[in-house]
Visitor: 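Supplied in structure tokens, the structure appears directly below.
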Amino acid sequence: MKTPSVVLASLALLLAAFVPDVTAQVVSPIKLGRGVNFGNMLEAPHEGAWGLKADVGWFKKVKEAGFDHVRLPISWGYHTEKSPPFKIEERFFSRVETLANACLRADLKLLINCHHDPSLNEEPLADRDRFLAMWHQISERFADLPNESVAFELLNEPHGKLGQTPATWDAMVVDAIRVVRRTNPHRTIVIGPVDYNAIGSLHKLTLPNDPLIVVTVHYYLPFDFTHQGASWVSPMKPTGVAWVPKSLMIAGGWKNESWNTKIEGSESGLSVDYEAGWAGVKLRASSDVNVPQAFVIHTDRSIKLRLALVPAKRSSDDGDDPEPIFAKVIKTEAGKPIRVALPQSLPGQSFTTIYLQSQSDQPTAPFRIAALELVYDGRSQSLLSTAAEAIHHDLSRAANWGKQYKRRIYLGEFGAYQAGDLRSRVRWTASVREAAESLDLDWCYWELAAGFGIFDPQTETFHKPLVEALIP
């Protein structure tokens, strides 16, 4: 039996050796520009199951609103035979073809994808042949569509068992590209990382040497805001969460894993409410962080806290975090920053997690953090940022990855659910769009006419504030 290192080495050789049939005449993928997802239509088990059917007239309206392209989410797996030759229903194919032609007639570019699948993410090896057979049929059926206007996206948000071992997805990508290239040598192909196309998982994605690949990511942060009141999220996120661009919050690149603690941002700082004894703020970085020379915290009232810096988990660790490399009980001063010096032996080491734990066995009155910083020689790194800065920071990570690997980045989904207040949704949507465009990212809002929608399918009119946030 091959060891994991041998398997990964073999995959690396395969990716390096794989050169698709792309001539020198086509050297860059198409630029999609500004787009909107036709969601909750063809990715349902059958069109209309989620209360929405696509209307061919909507493409013209989308074009007139100022958009450049449409992403068409399609769940082919619900319309494919379960055994070889895995034939896709002709009736469904014809329906997709009708919508694709209507999109192109409206002078919009089109992204055809493979969206939800009945079992691929949980049974990737068993469903590999079906997945490739679907793409053989899709690519053959749409081979004559213009390369300068139509792109293919291999799979929306790979996750589950398919994403547990990134090499599994990488290998499937190679196979699928080879299938597509037989009939579409010059087609732009869109591919995303595992973990639901997470920006933080771009480092797990290894791609073949194909110049016509675009890499996609999705963005729905902060999730408590964008998905408040969404019935499919368990447990359901409470409503009433506002989003203010200048409100201070945990900086981009840090994940809030606090327990028994309520954290709310405002323009004057971060409100922290320890709702139980020994509750704590827990911030986990997306990658290793160098140990600073000092830690600075500024609170509006005096409070006793246990500060701890914890390194990344090793493969041999159990479910708990490793022992901290630094831990100290500190007492803040009301209205004044305090500086906690770290031992000189620590700089040069790294950590991923910061704890600020209550030292009371009872709930405590809320307090506000006005500043939280890591201090290095001649510079400091704030762990707080404005909400708008956090968005730009997150998207810049994707943009920087794209520059490093010479790949165009496509923000394939972002949106805020209708249960949030409209003004906050408009502000958040505009901020994401502005950040994406400042980083030269093509983007596609989620979605047209359902719970995140910018368009009322009954009156066939756009929700003006949201559209103006996207197309100013």
Visitor: For Tyr376, check ring-ring contact (aromatic ring centres under 6.0 Å, His included) against everything at least two apart and list the hits.
Guide: none
Visitor: Tell me the ring-ring contact (aromatic ring centres under 6.0 Å, His included) pairs involving residues 276-310, sequence neighbours left out?
Guide: none
Visitor: What is the minimum heavy-atom distance between Pro29 and Ile213, and which atoms define it?
Guide: CG-O, 4.3 Å
Visitor: Holding to side-chain hydrogen bond (donor to acceptor under 3.5 Å, both in side chains), I want the full list of residues that pass it with Thr98, two or more places apart in sequence or in another chain.
Guide: none
Visitor: Any donor and acceptor pair, going by atom type alone, linking the side chain of Arg306 with main-chain N or O of Gln357 inside 3.5 Å?
Guide: no
Visitor: Just by modelled atom types, is the Gly265 backbone N or O under 3.5 Å from a matching donor or acceptor in the Ser247 side chain?
Guide: yes
Visitor: Just to verify, what does Asp440 make a side-chain contact (heavy atoms from CB on, under 4.5 Å) with, not counting sequence neighbours?
Guide: Lys31
Visitor: Using a 4.5 Å cut-off on heavy atoms from C-beta on, say whether the side chain of Val190 contacts that of Arg71.
Guide: no
Visitor: Between CG of Asp68 and SG of Cys444, what distance do you get to the nearest 0.5 Å?
Guide: 10.5 Å
Visitor: Do the side chains of Asp55 and Pro457 get nearer than 4.5 Å, heavy atoms only?
Guide: no
Visitor: Going by the rule side-chain contact (heavy atoms from CB on, under 4.5 Å), which residues pair with Glu148 if we only count those two or more places apart in sequence or in a different chain?
Guide: Pro146
Visitor: Check Ala251 against Ser382 and note the closest heavy-atom contact, atom names and distance.
Guide: CB-O, 3.9 Å
Visitor: Partners of Asn121 by side-chain hydrogen bond (donor to acceptor under 3.5 Å, both in side chains), sequence neighbours excluded?
Guide: none
Visitor: Would you find a donor on one side and an acceptor on the other, under 3.5 Å apart, between the side chain of Thr386 and the backbone of Lys246?
Guide: no
Visitor: Would the Tyr445 and Phe452 ring centres measure less than 6.0 Å apart?
Guide: no
Visitor: In Å and rounded to the nearest 0.5 Å, what is the NZ to CD distance from Lys304 to Gln359?
Guide: 7.5 Å
Visitor: Could you tell me whether the side chain of Arg105 reaches within less than 4.5 Å of the side chain of Lys60, counting heavy atoms only?
Guide: no
Visitor: Can you tell me how far CG of Leu283 sits from OG1 of Thr352, rounded to the nearest 0.5 angstrom?
Guide: 11.0 Å
Visitor: Can any side-chain N or O of Thr332 pair as donor or acceptor with the backbone N or O of Arg301 at less than 3.5 Å?
Guide: yes
Visitor: Suppose we screen for side-chain hydrogen bond (donor to acceptor under 3.5 Å, both in side chains). Which residues come up paired with His116, at least two apart in sequence or across chains?
Guide: none
Visitor: For the CD atom of Glu333 and the OG1 atom of Thr299, what is their distance to the nearest 0.5 Å?
Guide: 9.0 Å
Visitor: Taking the side chain from Ser358 and the backbone from Ser360, do they hold a donor-acceptor pair closer than 3.5 Å?
Guide: yes
Visitor: Filter on ring-ring contact (aromatic ring centres under 6.0 Å, His included), then keep only pairs touching residues 248-275, sequence neighbours left out; what's left?
Guide: Trp259-Tyr355, Tyr274-Phe367
Visitor: May I ask you to decide if the ring planes of Trp135 and Phe152 are parallel, tilted or perpendicular, using 30° and 60° as cut-offs?
Guide: tilted
Visitor: Going by atom type alone, with no hydrogens or angles, which donor-acceptor pairs under 3.5 Å involve a side-chain atom of residues 221-231 and a protein atom two or more places apart or on another chain?
Guide:
{"unit_1": "Asp224", "atom_1": "OD1", "unit_2": "Lys237", "atom_2": "NZ", "d": "3.1"}
{"unit_1": "Thr226", "atom_1": "OG1", "unit_2": "Tyr220", "atom_2": "O", "d": "2.9"}
{"unit_1": "Gln228", "atom_1": "OE1", "unit_2": "Gly240", "atom_2": "N", "d": "3.0"}
{"unit_1": "Gln228", "atom_1": "OE1", "unit_2": "Val241", "atom_2": "N", "d": "3.0"}
{"unit_1": "Gln228", "atom_1": "NE2", "unit_2": "Phe225", "atom_2": "O", "d": "3.1"}
{"unit_1": "Gln228", "atom_1": "NE2", "unit_2": "Val241", "atom_2": "O", "d": "2.9"}

Visitor: Less than 4.5 Å apart, any side-chain heavy atom of Leu307 and any of Leu356?
Guide: yes
Visitor: Side chains of Glu97 and Asn101: does their closest heavy-atom pair fall under 4.5 Å?
Guide: yes
Visitor: Working note: Ser268 + Ser266, criterion side-chain hydrogen bond (donor to acceptor under 3.5 Å, both in side chains); need CA distance, chi angles, decisive distance, verdict.
Guide: CA-CA 5 Å; Ser268 59; Ser266 70; 3.2 Å; yes
Visitor: Search all heavy atoms of Trp76 against all heavy atoms of Ile112 and return the closest pair with its distance.
Guide: CZ2-CG2, 4.1 Å
Visitor: Identify the two heavy atoms, one from Pro322 and one from Ala312, that lie closest to each other, and give their separation to 0.1 Å.
Guide: CG-O, 3.6 Å
Visitor: Can you give me the closest heavy-atom contact between Phe142 and Val96, atom names plus distance?
Guide: CZ-CG1, 3.7 Å
Visitor: Salt bridge check, Asp300 against Arg368: does any charged N sit closer than 4.0 Å to a carboxylate O?
Guide: yes
Visitor: Using the ring centroid of each side chain, check whether Tyr417 and Trp232 are separated by less than 6.0 Å.
Guide: yes
Visitor: Would you give the length of the straight line joining atom OG of Ser396 to atom CD1 of Ile409, rounded to the nearest 0.5 angstrom?
Guide: 12.0 Å
Visitor: Apply salt bridge (Lys or Arg N to Asp or Glu O under 4.0 Å) to Lys282 and list each qualifying residue two or more places apart in sequence or on a separate chain.
Guide: Glu257, Asp321
Visitor: Residues two or more places apart in sequence or in another chain: which of them pass side-chain contact (heavy atoms from CB on, under 4.5 Å) with Ala54?
Guide: Met41, Glu47, Arg95, Leu99
Visitor: In the structure I gave you, are the side-chain heavy atoms of Pro311 and Gln349 within less than 4.5 Å of one another anywhere?
Guide: no
Visitor: Would you call the rings of Phe414 and Trp428 parallel, tilted or perpendicular, taking 30° and 60° as the class edges?
Guide: tilted
Visitor: Is a side-chain donor or acceptor of Arg187 paired with a backbone partner of Val150 at a separation under 3.5 angstrom?
Guide: yes
Visitor: Would you give the length of the straight line joining atom CD of Glu437 to atom CG of Leu411, rounded to the nearest 0.5 angstrom?
Guide: 10.5 Å
Visitor: Looking at residues at least two apart in the chain, or sitting in another chain, which of them share a side-chain hydrogen bond (donor to acceptor under 3.5 Å, both in side chains) with Thr261?
Guide: none
Visitor: Would you check if Leu162 and Met172 make a side-chain contact, meaning some heavy-atom pair closer than 4.5 Å?
Guide: yes
